[in-house]
Amino acid sequence: MSNYLEGLNVPQRIAVEHRDGPIMIIAGAGSGKTKVLTTRIAHLMKNGVDAFNILALTFTNKAAAEMKERVEKALGNSEARNLYIGTFHSIFARILRVEAPKLGYPANFTIYDTDDAKGVIRDIVKEMNLDDKHYKPAYIINRISAAKNGLIGPEEYRKDTHIQTEDAKSNRHRMSDIYDAYASRCFKNGAMDFDDLLFKMHVLLHTFPDVLAKYQHRFHYILIDEYQDTNAAQYAIIKMLGAVRENICVVGDDAQSIYSFRGATVQNILQFQDDYDDVKVVKLEQNYRSTQTIINVANNVIGNNQKQIPKELWTDNKEGDKIVLARTMTDNDEGRFVADAIKEQQMRNHYANKDFAILYRTNAQSRAFEESLRRMNIPYKLFGGVSFYQRKEVKDYLAYLRLIVNTRDEENLKRIINVPARGIGNTSIMKLVAAANEYGKTVWELIEQGSGNAKVDNFVQMIKGFQSMLQTKNAYDLAFAVGKYSGLVQELYNDKTVEGLARYENVQELLNSIKEFTETPDEEGEILDKSLGSYLQQISLQTDVENNKDEDMDVVKLMTIHSAKGLEFPCVFSVGLEETLFPSSMSLYDRAGLEEERRLFYVAITRARERLWITYANSRYRFGTLVQNDESRFVQEIPLAFIDKTFSGLSNKPGSNNGPAKGVSGMLNQNFDKVPSLKKLADKLASTTATQKVHTPSADFTADDVADMNIGMKVEHQKFGFGTILTLEGGPNNRIASIDFGAGHGVKKIMLNYAKLKIVK
DNA sequence: GAGCGATTAATTTTT
DNA sequence: TTAATCGCTC
């Protein structure tokens with residue numbers, strides 16, 4: 001294809017043709033960012049740059065796969081295969097496989113996912129005799145993760161006064177010790193967690209100048225996608241790798257920065273121009289994706305953020321329909337509404353299933369949509385959520401495979417030494433671990449030559465048997481043997497419950513995927529490694545089995561907004577627009593958090609090409625109980641002129657204000673009359689929403705301890721204001737209080753676990 | 001040590 | 001609500 005430059009607009013073309021030196025592309029949503037990146041790569045290759053010298057880093061496997069495919073298409077030959085295109089994690093993992101011995105890790109190191117990492121933490125906390133209610137694994141792993149992403153190792157952590165004060169404040173004085181123990185345990189196990197792939201990569205380049213030089217000379221051109229989502233570690237690595245040639249091309253959009261919880265900082269965009277002389281800056285502001293209405297809505301919403309790089313997204317596309325705002329009674333009604341709307345659109349406008357996406361804030365929201373879609377026989381597919389590889393039976397199976405490849409890994413050994421049950425209980429395992437620690441050995445080293453326990457010895461012999469097949473058998477044959485001789489498959493087969501059947505099927509699917517891996521034909525000129533080690537390496541960074549294939553299956557797609565980034569759909573449902581859900585209650589405390597939620601909403605809106613629905617429910621089930629939520633503040637940031645209010649409970653007449661809905665007249669109410677409790681709830685809502693005023697919390701508002709609250713106490717609620725506790729019910733952990741908030745809000749039942757209340761003295 | 005009910009904790013987002 | 005952990009009994 002020689003005319004690949006045609007069809008680019010002016011700034012796009014400048015970005016593609018800029019050859020040497022740093023360039024930053026600020027690319028608005030739908031402005032052809034991927035097109036620019038892929039065309040740029042193709043252009044470099046057309047002009048004599050060897051594919052082996054180009055490194056392109058993305059954030060998701062999906063984005064990497066798409067980029068590779070599109071470069072291939074643009075080039076029309078198979079050269080693209082030689083490009084280094086992948087996620088930060090996968091490319092660095094690949095490099096670390098080669099260089100790991102320099103850091104004292106085995107080349108076939110295990111990659112721990114978050115569950116594995118939590119398991120290690122849990123063990124450590126237990127061994128240190130700490131309270132795991134206070135030292136929660138999830139909290140600890142987040143903290144360690146943040147440290148690593150900020151390039152802070154255990155030693156620096158201990159020395160950092162700011163961190164130390166924080167830990168002291170939260171009364172977690174042993175954090176440094178835990179981090180220490182965690183790092184050395186991972187090392188001893190020959191394992192790296194996700195963050196290590198960045199952290200150790202940095203250590204590697206930092207410690208070994210020759211290694212750094214090697215990769216600096218390998219990668220002549222570096223391209224970074226979604227640059228606004230890079231963290232300090234990624235930033236430092238890119239800077240080092242690109243330091244010699246400075247041929248760094250970063251593409252990003254500060255308005256779509258949604259990964260600060262992973263340490264990402266928009267600062268990296270601002271910093272870029274300071275780091276290099278003569279940075280070429282290109283702005284892509286023309287949107288080719290969405291209707292004018294959708295762009296208008298997006299611009300209005302994001303305009304409420306204070307922090308942003310000035311730019312104006314515009315489009316030549318047609319105006320399009322108004323967006324539909326729908327308010328429903330419950331989350332189930334919301335599900336029904338969406339399924340109905342999909343059916344209706346399919347009849348009226350002939351959309352296919354795959355033209356629809358349902359985007360939510362949290363994975364837990366998918367249930368209601370799944371049910372309603374299933375009921376209406378609309379095929380759908382869930383992306384993300386609990387990944388296939390996280391299922392217990394799959395993890396057990398994989399633990400065998402990982403142990404066979406890397407016997408240093410104590411976590412996997414402990415996981416499966418008694419799965420299926422073979423009479424090696426917890427007490428025995430603890431003894432083994434203690435003994436191993438005493439001799440400074442790994443558990444495997446300890447039992448390898450015989451342990452004096454027949455059951456353990458049998459297990460060792462079995463694993464050794466599998467190991468002997470490593471050289472001669474491919475991944476599938478070996479995995480099959482493992483399933484057969486370990487008794488894993490038999491055990492699942494014997495379980496005839498519904499869940500057991502599903503587990504059996506999952507294991508079969510795992511085997512299928514291994515088979516597919518082994519049977520993928522070698523491409524021309526290269527012989528792919530079909531060993532078990534190679535397979536494990538490939539899947540450990542994969543989030544879902546069928547991420548890559550089935551892309552074009554004609555199904556409605558359900559996913560979080562986070563995983564929808566970079567994608568587009570003709571019709572988008574952005575659902576669950578409720579306070580405490582979206583924006584999430586976790587983000588309400590500071591402006592930065594709230595602005596990130598707003599950017600997330602911006603991302604959701606800008607996924608839509610033609611039609612957009614925004615929905616929310618008055619009440620929804622959370623933890624099995626019905627809770628009420630207010631309309632999200634983000635909904636109120638959309639000008640009325642762009643909204644079709646038929647289902648919103650608002651008047652469709654122009655000129656009415658855009659406050660919270662005033663009544664139930666236009667509300668969706670299927671099943672409504674049949675369910676008295678819902679009717680009551682609606683009446684209550686109708687009577688309270690009209691007068692509801694949002695309370696502004698006192699300046700010194702802090703949540704007090706639930707345990708200290710008693711009947712008769714005066715308390716302050718962030719939204720409902722001041723009230724008196726009338727009754728208390730439920731156990732210490734799900735205590736529910738009835739609180740009289742006076743005229744404005746009346747008596748409310750508040751789950752104390754949830755709500756933040758301040759005791760008024 | 002295994003198996004079964006009972007209890008309880010979790011929900012932000014991802015590699 | 002659900003998945004994981006706890007604790008009791010055999």
Side-chain angles (χ1 to χ4, degrees), chain A residues 57-64 86-93 111-115 117-119 122 126 132-133 136-139 141-142 145 148-149 192-199 226 229-231 233-234 257-264 331 359-368 371 383-387 389-392 418 420-429 455 499 539-544 547 559-565 576 580-588 593 596-597 599-601 603-604 620-627 730-734 753-754:
Chain A
L57 297 171
T58 66
F59 271 82
T60 62
N61 297 306
K62 217 184 269 173
T87 62
F88 280 89
H89 291 83
S90 69
I91 295 281
F92 294 170
I111 295 175
Y112 279 165
D113 65 21
T114 312
D115 289 338
K118 275 186 200 161
R122 212 167 278 131
K126 206 176 276 170
D132 64 352
K133 298 261 159 55
K136 285 189 187 139
Y139 174 90
I141 215 67
N142 273 334
S145 170
K148 283 186 188 166
N149 285 319
M192 296 198 199
D193 64 19
F194 286 143
D195 303 308
D196 279 331
L197 297 176
L198 309 181
F199 184 77
E226 311 279 13
D229 287 329
T230 50
N231 59 38
Q234 289 160 328
S257 155
I258 54 174
Y259 279 100
S260 70
F261 68 91
R262 222 164 69 180
D331 46 355
L359 308 182
Y360 34 77
R361 176 69 244 266
T362 67
N363 281 305
Q365 284 167 259
S366 68
R367 203 210 79 251
E371 276 174 16
F383 288 80
V386 176
S387 132
Y389 294 111
Q390 284 174 327
R391 292 171 189 280
K392 187 182 172 301
N418 199 31
R422 48 175 74 89
I424 309 173
N426 254 327
T427 330
S428 314
I429 297 173
K455 291 165 182 168
E499 301 84 26
I539 60 150
S540 47
L541 292 169
Q542 216 175 344
T543 1
D544 225 319
N547 240 354
M559 64 185 91
T560 63
I561 302 168
H562 280 90
S563 36
K565 189 155 83 151
T580 73
L581 182 60
F582 193 14
S584 153
S585 55
M586 312 295 286
S587 67
L588 292 175
E596 176 145 323
E597 294 285 307
R599 290 194 293 270
L600 197 53
F601 187 39
V603 169
R620 69 173 59 241
Y621 281 94
R622 254 176 159 180
F623 299 116
T625 42
L626 203 62
V627 296
N733 289 315
N734 65 335
N753 267 1
Y754 242 112

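First the proteins, then the strands, lettered A, B, ... as listed; each starts at 1.
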| Can you list the residues that meet the salt bridge (Lys or Arg N to Asp or Glu O under 4.0 Å) rule with A:K455, with sequence neighbours excluded? | none

| query | With sequence neighbours left out, what residues match A:R367 under side-chain hydrogen bond (donor to acceptor under 3.5 Å, both in side chains)? | reply | A:N332, A:E371

| task | Taking salt bridge (Lys or Arg N to Asp or Glu O under 4.0 Å) as the test, write out the residues that go with A:D196, two or more places apart. | result | A:K148

| Partners of A:T362 by side-chain hydrogen bond (donor to acceptor under 3.5 Å, both in side chains), sequence neighbours excluded? | A:Q365

| request: Mind checking A:S90 for me? I need base, sugar-phosphate or nothing, with any heavy atom below 4.0 Å counting as a touch. | output: nothing

| Nearest to side-chain heavy atoms of A:Y259, which nucleotide of B:dT14, B:dG1, B:dT15 | B:dT14

| request: Would you kindly give the CG-to-C1' distance between A:N149 and B:dT14, to the nearest whole Å? | output: 11 Å

| Does A:T560 place a side-chain N or O at less than 4.0 Å from the phosphate oxygens OP1/OP2 of B:dT14? | yes

| Which nucleotide sits closest to the side chain of A:E597: B:dT12, B:dT15, B:dT14? | B:dT12

| field | Per A:S428 side chain, nearest of listed nucleotides B:dT14, B:dG1, B:dT11 | value | B:dG1

| request: Taking only the side-chain nitrogens and oxygens of A:S587, find out if one of them lies under 4.0 Å from OP1 or OP2 of B:dT12. | output: no

| Does A:N363 put a side-chain nitrogen or oxygen below 4.0 Å from OP1 or OP2 of B:dT14? | yes

| Minimum-distance nucleotide to A:R622 side chain [options: B:dT11, B:dT12, B:dT14] | B:dT11

| query | Can you name the side-chain hydrogen bond (donor to acceptor under 3.5 Å, both in side chains) partners of A:S587, sequence neighbours left out? | reply | none

Do any N or O atoms of the protein come closer than 3.5 Å to N or O atoms of nucleotides 2-6 of chain B, and which pairs are they?
from	atom 1	to	atom 2	distance (Å)
B:dA2	OP1	A:G423	N	3.0
B:dA2	OP2	A:N418	ND2	3.2

| Which part of the nucleic acid, if any, lies within reach of A:F582 when heavy atoms closer than 4.0 Å are counted: base, sugar-phosphate only, or nothing? | nothing

Please list, for nucleotides 1-7 of chain C, all pairs of protein and nucleotide N/O atoms separated by less than 3.5 Å.
from	atom 1	to	atom 2	distance (Å)
C:dT1	O4	A:F623	O	3.4

| query | Which part of the nucleic acid, if any, lies within reach of A:F88 when heavy atoms closer than 4.0 Å are counted: base, sugar-phosphate only, or nothing? | reply | nothing

| query | Ring stacking, A:F261 with base of B:dT13, under 5.5 Å and under 30°? | reply | yes

| task | Using a 4.0 Å heavy-atom cut-off across all strands, classify A:K136 as base, sugar-phosphate, or nothing. | result | sugar-phosphate

| Donor-acceptor pair present, A:T114 side chain and B:dT15 base, under 3.5 Å | yes

| query | Could you state the CG-P distance from A:D229 to B:dT15, rounded to the nearest angstrom? | reply | 12 Å

| Qualifying residues under ring pair (Phe, Tyr, Trp, His ring centres under 6.0 Å), relative to A:H562, sequence neighbours excluded | A:Y259, A:F261

| query | Got a sec, which residues hit side-chain hydrogen bond (donor to acceptor under 3.5 Å, both in side chains) with A:T87, two or more places apart in sequence or on another chain? | reply | A:S90

